[in-house]
Amino acid sequence: MNVLSRLTLKHFVLGFFAVVLAAIVLIWWLSGAAYLRPYAEQTVIFGQGELKLPPDLAGPGPIRVVHFWDPDCPCNGETDAHLRYLIGLHRNADVEFYSVQKPGSKGDLAPFLRGRMKPLPGIEGMESLPASPALAIWDHDGKLAYAGPYSEGLVCNSSNSFVEPVLDALTQGRHVSLASGLAVGCYCAWK
């Protein structure tokens, strides 16, 4: 007697539900929902003394945006696309983009970001970052205007961005000083 002839409708229904459950778990994992967590359990305030640009970039100059990323973090996909949009949006403004890769990690920026951002070995105080992807923005005077997550939620875009209002205000000459706040989204541990 072969095995297929012994299977009943109950076995097929259980098998079907097992396949559906496995598909749901796979989609959940691949979508980044497995990394859905708070950016910080408490508000993280980055003062002038914590995050500091290297001496050759510090002080008055263009607006400086520093992207903190981990090549092993699956949350980079949405953020990379948003970052590409931001770079394009501010290509004619006095804004420079830099990247800092998580210490000890190996990997490359997305191909469409290579050459558009200047790599930095690190930023003083970056160990205070609770998660990545994250970024910090310094204004024309060299003062830290924002440090924290790009946005809230699994998808990072213009509609839920914390970054675009800051960059818009700075490029229009307005003063901004925001501390990082609580956000829930796709983040990986930085430390």
If the condition is side-chain hydrogen bond (donor to acceptor under 3.5 Å, both in side chains), which residues does R174 pass it with, not counting sequence neighbours? Q172
Considering only heavy atoms from C-beta outward, does the side chain of R84 approach that of R116 to under 4.5 Å? yes
With no hydrogens and no angle check, is any side-chain donor or acceptor of R91 less than 3.5 Å from a backbone partner on G88? yes
Donor-acceptor list for residues 99-111 side chains, cut-off 3.5 Å, not counting sequence neighbours:
| from | atom 1 | to | atom 2 | distance (Å) |
| --- | --- | --- | --- | --- |
| Q101 | NE2 | S105 | O | 3.0 |
| Q101 | NE2 | S105 | OG | 3.3 |
| K102 | NZ | A189 | O | 3.2 |
| S105 | OG | K102 | O | 2.6 |

Do you know which two heavy atoms are closest between L51 and A147, and how far apart they sit? CD1-CB, 3.6 Å
Side-chain touch M117/I87, heavy atoms, less than 4.5 angstrom: yes
Tell me which pairs pass side chain to side chain donor-acceptor pair (under 3.5 Å) where either residue lies in residues 59-68, with sequence neighbours left out. H67-Y150
Please name all residues satisfying side chain to side chain contact (heavy atoms under 4.5 Å, CB included) with A93, sequence neighbours left out, ordered by chain then number. H90, V95, T171
Between SG on residue C188 and CG on residue D70, distance to nearest 0.5 Å: 6.0 Å
Indicate the atoms forming the closest heavy-atom contact of P62 with D94, along with that distance. CB-OD1, 3.2 Å
Step by step, work out the side chain to side chain contact (heavy atoms under 4.5 Å, CB included) result for S132 and W190. CA-CA 6 Å; S132 73; W190 181 257; 3.5 Å; yes
Of V166, D168, L144, the one forming a side-chain contact (heavy atoms from CB on, under 4.5 Å) with V176 is V166
Going from CD1 on I63 to CG on L170, what distance comes out if it is rounded to the nearest 0.5 angstrom? 5.0 Å
Who passes side chain to side chain contact (heavy atoms under 4.5 Å, CB included) against L89, sequence neighbours left out? Y85, E164
Quick one: CZ on F68 to OG1 on T79, what's the gap to the nearest 0.5 Å? 14.0 Å
Non-neighbouring partners of V19 that pass side chain to side chain contact (heavy atoms under 4.5 Å, CB included), sequence neighbours left out: none
Counting distance only, does the side-chain N/O of D139 pair as donor-acceptor with the main-chain N or O of D141 below 3.5 Å? yes
dist Y98:OH -> K118:NZ (nearest 0.5 Å) comes out at 4.0 Å
So, taking the atom named CG in L135 and the one named CH2 in W69, what distance separates them when rounded to the nearest 0.5 Å? 15.0 Å
Looking at residues at least two apart in the chain, or sitting in another chain, which of them share a side-chain hydrogen bond (donor to acceptor under 3.5 Å, both in side chains) with E127? none
Please tell me whether F16 and V13 are part of a single hydrophobic cluster in this structure, the criterion being side-chain heavy atoms less than 4.5 Å apart. yes
Out of curiosity, L83 CG to F112 CZ, how far, rounded to the nearest 0.5 Å? 8.5 Å
Report yes if the side chains of V65 and W138 come closer than 4.5 Å at any heavy-atom pair, otherwise no. no
